[in-house]
Every structure is written in C-alpha cells, then in structure tokens.
K.L.:
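Submitted below is the structure of interest, expressed as structure tokens.
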Amino acid sequence: MGEATIPAGMNENLYALLASRFAGAASSVCLELEDGRRFTYAEVEAESARFANLLASLGLKRGDRVAVQVEKSAEAIFLYLGCLRAGFVYLPLNTAYQVAEISHFVHDAEPAAAFCRPESRASFSGVAHTLSLGDARSQSTSFSTVTSAASDLACIVYTSGTTGRAKGAMLTHRNLSSNALALHAYWQFRPNDVLLHALPIFHVHGLFVALHTALLNASRILLLPRFDAGPVMRLLPRSTVFMGVPTYYVRLLGEPEFDADMCSGMRLFVSGSAPLAADTLREFHARTGHTILERYGMTETGMNTSNPYEGERRPGTVGFPLPGIEVRVAGPGDAPVGAGGIGQIQVKGPNVMPGYWRLPERNKEEFTADGFFRTGDLGRFDEDGYLSIVGREKDLVISGGYNIYPKEIEMVLDELPGVAESAAFGVPHADFGEALMVAVVPRPGAQLSEQQVIGHVKGKLANFKVPKRVVFLQELPRNTMGKVLKNELRAAHGGAKPAA
Ligand code: MCA
Ligand code: AMP
C-alpha cells in the first residue's frame, strides 16, 4: 500500500482536507452526544464557522496561538475546527493542569487568545483575549476556510520534558493531514463506520488519531465526555470503531457483564499511548473474539507504526511502519541495527514535527544528521518486521496513558521544606499500567508524612502527576557517577501496593 497523499492544487489546510471528505455528507450525523443532541456535518461546518469568525474578529494574525483549556464537548470540537479554518495555531491543554503549569505554557507560547472555563480565567491573565465556548453564539455561520501551506503550523501540543519543563511540539497541517490519511487507509475505514469516542481531546490520541480518521470518513461519532465503562458498554452495540489507552481495556475486562454480544457489531479496537499487556490482548480476545490492534506514536510524530489490519496482530509488538514513514532501530553513531538488535527508535516522514517551539538548540539534538527524529524509545525489529518497544532511554512514567516526567515531580518535591532530595519512578499498577511513586530523603530532624508530601504536589500539578505512594529513605541508591538508580528503587519498592 503506498502513502496516501493530498491531491495536488488543494488548499493544504487540514480542515479543507477533512471538509472535502464530508462535503457529500451534509445531512449525515457527525456528532451524537450523551444528552441526545446531534449535529450533522452541515451543522459542524456552520458551528465551526462561528468560532472561525469569532477568532478572526479579534484581529489576530495568521500563526497566532489560541490556547484552549475546556471540557470535552461538541463546542470544543467546533472551536478546534474553527481555529484550523481561520489559520490560527491551536494549543490544547489538559483540563487537569493547574495554575503553575498553565503559566509556563502561557509564558512560552504567548497565545493571543485563550478559551477556558470561567473559574480558570486567572490562569490566563496576561493573554489579550480570554474567552469561553459560549462567546461564538452570535457569530455568522459562514466562513471561507483560509488557504494554508503544508508547512504552516496547525497546532502546538506541549509534551513534558526530561528537564522538567514541557516543550511545545510544533505540528504542521501536513504533519496532521498525512498521518490522518495514512491511518484512515491502513485501518480500512468503511462508509458506515461509527466511532465511539471516549478519549480526552487535549492530547494526540483523542484529538488527532480518533477525530481526524472519523471526520475523514464522514462517520458518526458517539461522543462521551470521558471514559466510563458503563456508557461505553451501552454504546458499543451501536459502534464499529473504538480507540483507547490500555487502561480502558483493563477496565472493560473488569466488568463482569462485558461480553462478545456487546461487541458483535464492532470492526476495530485500537490501543496505544502505553504498552498493552499481552495478557490483556489475550483476555480481550477470549472474552469478545476481537484482537485489539496496537499502534505506536508520539506527540512529536503522530502515529509511526501499527499492527496490520489484516494479518497477524502480534502481542507485545506495535507492528510495522505506516506507509510513507521510515522507522529504524539505531545503535551507536545512529547506524541502523539489524533484526533482533536493540537500539533507539528513530523516525522520518511527513508526520514528524519540524521541531519544538522556540528551542532551536534542542532541535539540533533531537534529530540525526540525516533527518531522523530521536524518539527516546528503545526497540527491536523481529525477523518478520514487527517492531517491539523494549524500553525507554527517557526517564518517563506512563500512567493510564498520561506521561509523567519524574524530573518535574522531583523539582516540586524538593521545594518542600524538610525534603533533602527525592526521586520519582513508576511501579507496576493493575489499572494504570504504571503508577507514580516517590522516594523522599528527609533533612536531618525533619518530620514528614506521606499525606504532607502528597498534599504538597496536589494543587501544584495536574492530579495524574500526584504520587500514589511515598517511601521515606535515608539515602537514594546511586551509581558511581552519582546518578540515582531508579531501577533499584523500582525493584525494591515496586511490589509495594500503591495507595490508590
Ligand atoms: C486520573 N488519575 C490518574 C490518571 N487519571 N492518576 C494516574 N494516572 C492517570 N492516567 C487520578 C485522578 O485524578 C484521581 O485522583 C485518581 O487518579 C483516580 O481517578 P479515576 O477516577 O480512576 O480516573 P479517571 O477519571 O477514571 O481517569 C482514568 C483514565 C484517564 C480514564 C484512564 O486518565 C484517561 O482517560 N486517560 C487517557 C489519557 C490519554 O488520552 N492519553 C493519550 C495521550 P484523586 O483521587 O486524587 O482525585 S497521547 C499519547 O500518549 C501518544 C501520542 C499516543 O501514542 O497516543
Ligand atoms: P507522548 O509524550 O504523549 O507523545 O507519548 C509518547 C510515548 O508514549 C512514546 O514515546 C512511547 O514511549 C509511548 N507509547 C505510545 N504508544 C505506545 C505503545 N503502543 N506501546 C508502548 N509505548 C507507547
């Protein structure tokens, strides 16, 4: 299968591509909500025009950033599409982020406008225009989508960094369009597909992978505000495609009434963002008859590899490079290693971001001399070309599909009086895959409790970054270079049952 491409001469704006696919489906339902509201594709076009007009009326310049921290809703999707249409750069923010986290994004990205919940307005002080989703109501429902070049920025998505500071991955219209087309073709979307959408829409999985493929297909999207096993099970019989992080599948399997009948109309279950345990894959197959399709991606690259739609979906692997994308496993000197060898996964293709926002020095380090992006993941190709992720060079914890960079947690912990030093690390967790745990070395004479440590992080960082458990140590295990041995901490304390 070749690379899916955008027809020559077409406006390269991502919205223009999506609209070209749903133009013939004006009266079909695009979004169906839990409260019964439905929006046809014609209504999505009209409602997104309102947001494009609102943004255009503010006098923003092309390429200005629009920061968005709002609950998942139909209006949030209209805002996203409206922002694309008007040629501004969409900057989604997790609703769990706290004031201190937001202030870094605002300072770094300098958005010209921000959409937020009324109670969060203070977080965006300094932004010229702070708005809410209701503000577009009086705007016109017609808007001519601006013409964008393939290399124009469509979105900036922040992803936490090893330095403790989140970096903005710059994503162009071409990055997003090419990946949407590749996935739509590879996963063989069909005319009557119905997507059950339970993922958050402030990260790549829910916003791009799920939404773009469905919109390209003019599909009906059953939009849930969040993942909850009950509503998902209720809607599965009306769906054909579902995408989730491994925790969603673990939670569905934890429901005794979850069964094959519920899934009899389903065509495709996709998993990603974190490793899917081979046991989960097997148990899911035994219960439903469906083999979950696991794929691998990153904020900086979109999706890179996927298990095949037809053919064997091999447990513990993330499949093959997607058409048009080069994926290699590289050793010292960035030389590719052969099948069976372990090395860093590196990626090149139309999906890969041009770089991080305003970090030119960093960008030089993140790409090889021949233009491959260094993912920081360690992988191995088997003899049949299936890629497995065998580890990470980056010190990263993935909990319930959310990334947590230990450095950020350690910086916050070290501010707490009484803490001499700290180390954050991931431990196995049945529900979240990995759970965050911290080791704290108190200063001599200091009295610290687990509640105090947890309480200190709560309120400063998003709730999913709050440690589930704290252990107090007299010193941290270190190697001769002074580097903290996280593997030793994991081995010593990983068996301890996390508090939540
Ligand atoms: C919530 N909590 C968490 C998490 N989510 N703690 C650790 N890890 C989490 N992921 C906190 C809650 O704030 C709460 O804290 C306590 O844990 C229990 O909450 P619970 O009710 O169980 O959580 P939930 O609301 O049900 O959420 C769990 C969830 C959710 C449904 C798994 O986290 C989720 O939807 N995750 C998907 C993330 C995602 O979209 N990732 C894709 C990123 P307290 O009790 O203190 O209030 S894109 C990406 O990674 C790349 C590009 C890719 O390949 O896709
Ligand atoms: P993010 O920072 O949200 O872009 O997360 C990207 C990271 O998630 C990747 O670099 C991987 O470490 C991890 N990831 C994504 N999909 C998978 C998968 N299927 N299996 C294992 N890890 C994954």
Side-chain angles (χ1 to χ4, degrees), residues 72 92 94-96 98 157-162 166-167 169 171 179 183 197-210 224-230 232 243-252 254 270-278 281 292-307 315-319 344-347 351 353 373-379 387-405 426 429 431-437 454-455 457-459 461-469 498-500:
K72 185 176 177 185
N94 193 319
T95 46
Q98 305 278 337
V157 185
Y158 275 84
T159 157
S160 300
T162 39
K167 304 163 292 193
L171 298 165
N179 214 229
L183 295 172
H197 193 302
L199 284 156
I201 53 168
F202 33 66
H203 291 298
V204 165
H205 199 161
L207 186 63
F208 301 153
V209 182
L224 288 172
R226 57 186 288 277
F227 175 84
D228 194 350
V232 167
M243 301 188 192
V245 299
T247 300
Y248 294 8
Y249 295 106
V250 170
R251 289 191 180 182
L252 284 170
V270 175
S271 176
S273 313
L276 178 71
L281 185 98
I292 300 168
L293 182 154
E294 184 170 10
R295 59 36 170 204
Y296 157 65
M298 281 184 84
T299 301
E300 292 89 335
T301 64
M303 301 303 104
N304 299 313
T305 71
S306 170
N307 266 284
T317 80
V318 291
Q344 191 195 54
I345 302 174
Q346 301 182 344
V347 186
N351 55 316
M353 64 161 190
F373 176 68
R374 303 178 195 278
T375 63
D377 292 312
L378 293 172
L387 180 69
S388 298
I389 298 171
V390 298
R392 299 177 204 131
E393 289 173 329
K394 50 196 177 191
D395 189 11
L396 165 69
V397 177
I398 306 184
S399 177
Y402 282 140
N403 288 3
I404 306 169
Y405 274 88
H429 189 276
D431 182 37
F432 290 133
E434 280 186 290
L436 184 72
M437 183 163 174
I454 288 178
V457 180
K458 255 189 196 164
L461 297 176
N463 55 15
F464 63 88
K465 299 180 194 169
V466 175
K468 303 285 187 223
R469 191 154 189 275

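Residue numbers count from 1 along this sequence. In each ligand, atom 1 is the first atom listed, and ligand 1 is the first ligand listed. Hydrogens, waters and symmetry mates are skipped; everything else that's a heavy atom, side chains included, is used.
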K.L.:
With only distance considered, is D377 within less than 3.5 Å of ligand 2 through an N or O on each side?
P.N.:
yes
K.L.:
Compute the shortest N/O to N/O distance between S271 and ligand 2 and return yes if it is under 3.5 Å, no if not.
P.N.:
no
K.L.:
Geometry only, no angles: is T375 polar-contacting ligand 2 at N/O separations under 3.5 Å?
P.N.:
no
K.L.:
Go through T375 and E393 one step at a time and tell me if the side-chain contact (heavy atoms from CB on, under 4.5 Å) criterion holds.
P.N.:
CA-CA 9 Å; T375 63; E393 289 173 329; over 6 Å; no
K.L.:
With a 4.0 Å cut-off on heavy atoms, is R295 touching ligand 2?
P.N.:
yes
K.L.:
Give a yes/no verdict on whether any heavy atom in K394 is under 4.0 Å from an atom of ligand 2.
P.N.:
yes
K.L.:
Which ligand 1 atoms does P200 reach within 4.0 Å, using its non-hydrogen atoms?
P.N.:
35 (O), 40 (O)
K.L.:
Geometry only, no angles: is R295 polar-contacting ligand 1 at N/O separations under 3.5 Å?
P.N.:
yes
K.L.:
Please classify the Y296 to ligand 1 contact at 4.0 Å (heavy-atom distances, strictly less than): side chain, backbone, both or neither.
P.N.:
neither
K.L.:
Does F464 approach ligand 1 within less than 4.0 angstrom via side chain, backbone, both or neither, non-hydrogen atoms only?
P.N.:
both
K.L.:
As an exercise, identify every atom of ligand 2 less than 4.0 angstrom from a heavy atom of M298.
P.N.:
4 (O), 6 (C), 9 (C), 10 (O)
K.L.:
Any idea which part of I398 is under 4.0 Å from ligand 2, heavy-atom wise: side chain, backbone, both or neither?
P.N.:
side chain
